[in-house]
Amino acid sequence: MFLKKYLFGFGLIAVLMGCAYQQNQSGYDTVTVIDELVIDENSVPIFPKKAALTTDTARRFSIELPKRCEVDWDNQKVVSVVPSEKIEIVRLGVGDALPAELKVDDYEFKDLTVKRALDKLLMGTDISVIEDEELYEKISGTISSGALQDAVELMTKMGRVYYSYDAENGELHLTHRAKWLIKMPQNETIVMALLDAMHGADMRNLLVDWQDKTLVFEGNYQTEREVAKIIADISGKKYVLSWDIDVYRVYPRTDNPIVWMNLLPAFGENNIKMSIPGVVGRALVVGPEINTKTLQEFLAQQANVVLISQGTFAIPNGWQSRFDIGQCGKEERLETDLIIGATGKYGDFGGRDKIDAKIVLRTSNGELSSFNIPSSIGDNYVIVGIPTHSFVTTPETLISPFAELVVFMSPRIINVVDGVNGHNDSTEALVGDALRDFLKE
């Protein structure tokens with residue numbers, strides 16, 4: 001009896017399998033079951049939940065990038081002339097004016113917090129002093145009789161705090177931080193110099209309205225002093241320095257490194273003016289005959305050349321700034337973390353007019369290399385010998401040990417003049433003796 005049931009069950013399974021096979025042959029779709037979910041060609045993809053972070057493409061969006069990350073090498077001017085324009089800084093959120101009718105008598109205070117000193121000053125008035133954050137700075141001094149507003153401004157400056165007055169509620173608010181608006185020039189190169197100088201001073205979260213050329217930023221008393229100094233230097237200096245940059249990754253076609261000595265026979269010794277070694281790499285000061293086009297033609301004889309970043313940055317004469325490779329990168333690459341920092345000054349250098357610059361290559365792990373480069377107007381820099389393996393973080397890589405980073409930098413001078421002084425914005429005629437005479441004006 002048991003055997004019959006067994007045979008019957010086996011026969012039933014065989015019949016069902018045959019039916020399933022016939023169904024498949026008849027055009028029925030098969031399904032896949034994964035973790036109790038039925039998956040077929042009409043299924044909707046299921047993705048794991050992501051954290052609430054800004055997407056990469058939104059994070060990279062910037063109105064500034066097209067202005068910063070493009071270089072017109074065919075129309076580059078070594079020297080440009082722009083008229084000077086007033087740069088104005090205005091503090092926002094100052095509130096209402098303090099009552100003009102209120103006067104103060106001579107007042108002496110010693111080792112008091114700003115709030116406590118103001119409380120004593122305003123005793124007998126309807127104005128209360130409120131700290132929007134804890135302020136520990138203590139001040140000492142003497143206030144001469146006069147307007148209340150003058151006394152309050154002096155005391156808050158001594159304590160490095162800011163005040164705003166709410167007339168409706170009779171409240172004088174104190175805080176360490178404030179917000180400012182900068183009215184910038186219309187010339188975008190000068191605007192870039194202002195922004196780059198602020199970036200070089202490690203200021204972030206700058207809000208730029210490119211239509212009306214205004215900038216909003218927040219900071220403390222030290223931030224205000226730094227920005228005021230930058231503005232004073234831009235307004236008072238005759239020159240702004242700018243660098244146009246190309247960054248390449250170079251892959252040798254053979255198991256040999258790039259032979260950089262071949263630059264000498266290729267371009268002639270007169271076009272290689274200076275060789276400056278760094279901790280890593282070497283900076284070459286070259287003549288204008290070595291430019292992005294001729295350099296790529298030279299490299300193409302030995303290697304494959306890939307442009308990984310391009311852009312420009314400007315600084316007031318004597319200031320510092322930085323160029324972020326990743327910000328203007330063509331795509332995500334190993335070198336995205338690299339920053340090119342620069343300080344520079346144009347002027348007398350041992351009796352000769354030169355650009356005295358310091359170029360620093362650094363990553364988030366610290367400084368990679370640096371070069372002190374004195375150069376003449378029209379010279380270019382070529383930084384060579386930076387191994388691509390400097391940016392590899394894994395124990396092994398498919399990148400050749402002879403692949404390297406090559407940085408081409410072309411410095412420019414923007415001459416800021418009162419009005420145009422008879423010069424137009426075109427400097428095509430400023431070459432040779434005419435250029436040297438112009439720079440000495």
Side-chain angles (χ1 to χ4, degrees), residues 58-72 75-94 162 177-220 222-245 310-324 327-328 342 344 346 411-421 423-427:
R59 179 177 57 83
R60 288 174 170 269
F61 179 84
S62 172
I63 300 175
E64 185 180 321
L65 290 189
K67 308 174 189 298
R68 181 177 298 281
C69 298
E70 294 180 4
V71 179
D72 186 357
N75 294 294
Q76 191 190 42
K77 296 177 181 178
V78 176
V79 178
S80 300
V81 181
V82 299
S84 61
E85 297 180 59
K86 185 178 180 181
I87 304 175
E88 213 178 328
I89 180 169
V90 180
R91 192 186 143 212
L92 303 174
V94 295
Y162 299 98
R177 298 183 65 80
K179 183 183 290 187
W180 293 270
L181 171 76
I182 298 179
K183 300 175 184 178
M184 301 184 293
Q186 294 301 305
N187 183 278
E188 289 191 351
T189 301
I190 306 300
V191 172
M192 284 291 188
L194 176 61
L195 292 176
D196 286 332
M198 295 178 74
H199 289 153
D202 228 12
M203 297 176 198
R204 296 294 177 265
N205 301 320
L206 308 177
L207 303 178
V208 181
D209 186 328
W210 287 98
Q211 186 65 36
D212 64 5
K213 299 295 190 297
T214 58
L215 181 152
V216 175
F217 70 97
E218 294 184 41
N220 56 20
Q222 184 61 34
T223 307
E224 182 188 13
R225 287 174 62 90
E226 287 286 338
V227 174
K229 187 176 179 182
I230 292 170
I231 292 174
D233 269 14
I234 291 180
S235 302
K237 297 273 179 83
K238 184 179 178 182
Y239 300 109
V240 170
L241 300 181
S242 178
W243 280 270
D244 296 326
I245 300 176
Q310 180 184 83
T312 183
F313 68 100
I315 58 175
N317 200 25
W319 279 81
Q320 64 178 349
S321 188
R322 52 188 275 175
F323 177 76
D324 296 77
Q327 186 183 38
C328 295
Y346 175 74
R412 292 184 289 118
I413 291 181
I414 296 94
N415 184 219
V416 184
V417 298
D418 294 327
V420 292
N421 287 346
H423 295 289
N424 57 31
D425 190 47
S426 173
T427 57

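What you see is a predicted model, and the numbers here were worked out from it, not measured in a lab. When a residue number appears, it is its place in the shown sequence, counting from 1.
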Please find the pair of heavy atoms, one from W180 and one from E224, that lie closest to each other, and give the distance. CZ2-CB, 3.6 Å

I182, L195, I63, L194 screened by side-chain contact (heavy atoms from CB on, under 4.5 Å) with V208, the one that passes: L195

For V90, the side-chain contact (heavy atoms from CB on, under 4.5 Å) test, sequence neighbours excluded, returns E88, K183

Determine the interplanar angle of the Y346 and Y239 rings, folded into 0 to 90°, and report it as parallel if under 30°, tilted if 30 to 60°, perpendicular if over 60°. perpendicular

Which of parallel (below 30°), tilted (30 to 60°) and perpendicular (above 60°) describes F313 and F323? parallel

Contact summary for G344 and L241, nearest pair of heavy atoms: C-CD1, 3.4 Å

In a check of side-chain hydrogen bond (donor to acceptor under 3.5 Å, both in side chains) between T312 and each of D244, D72, T189, which one passes? D244

Just verifying a value: how many Å separate M192 CE and S321 OG, rounded to the nearest 0.5 Å? 10.5 Å

Please lay out, stage by stage, how D324 and R68 fare under the test salt bridge (Lys or Arg N to Asp or Glu O under 4.0 Å). CA-CA 10 Å; D324 296 77; R68 181 177 298 281; over 6 Å; no

Any idea which heavy atoms bring Y162 and R91 closest together, and the distance? CB-NH2, 3.7 Å

Which atom names give the shortest non-hydrogen contact between A197 and P316, and what distance separates them? CB-CD, 3.6 Å

Using a 4.5 Å cut-off on heavy atoms from C-beta on, say whether the side chain of K67 contacts that of V191. no

Which heavy-atom pair separates I315 from A342 by the least distance, and what is that distance? CD1-O, 4.1 Å

CG/L215 to CG/L181 distance, rounded to the nearest 0.5 angstrom? 8.0 Å

Any sub-3.5 Å donor-acceptor pair from D209's side-chain atoms to T214's backbone N or O? no

Can you find a heavy atom in the side chain of W319 that is under 4.5 Å from one in the side chain of D196? no

Which atom names give the shortest non-hydrogen contact between G311 and V71, and what distance separates them? O-CG2, 3.2 Å

Tell me, please, which residues at least two apart from E85 pass side-chain contact (heavy atoms from CB on, under 4.5 Å). P185, Q186, N187

Rounded to the nearest 0.5 angstrom, the CD-CE distance for E226 and M198 is 10.0 Å

Applying side-chain contact (heavy atoms from CB on, under 4.5 Å) to K179 and not counting sequence neighbours gives L92, V216, E218

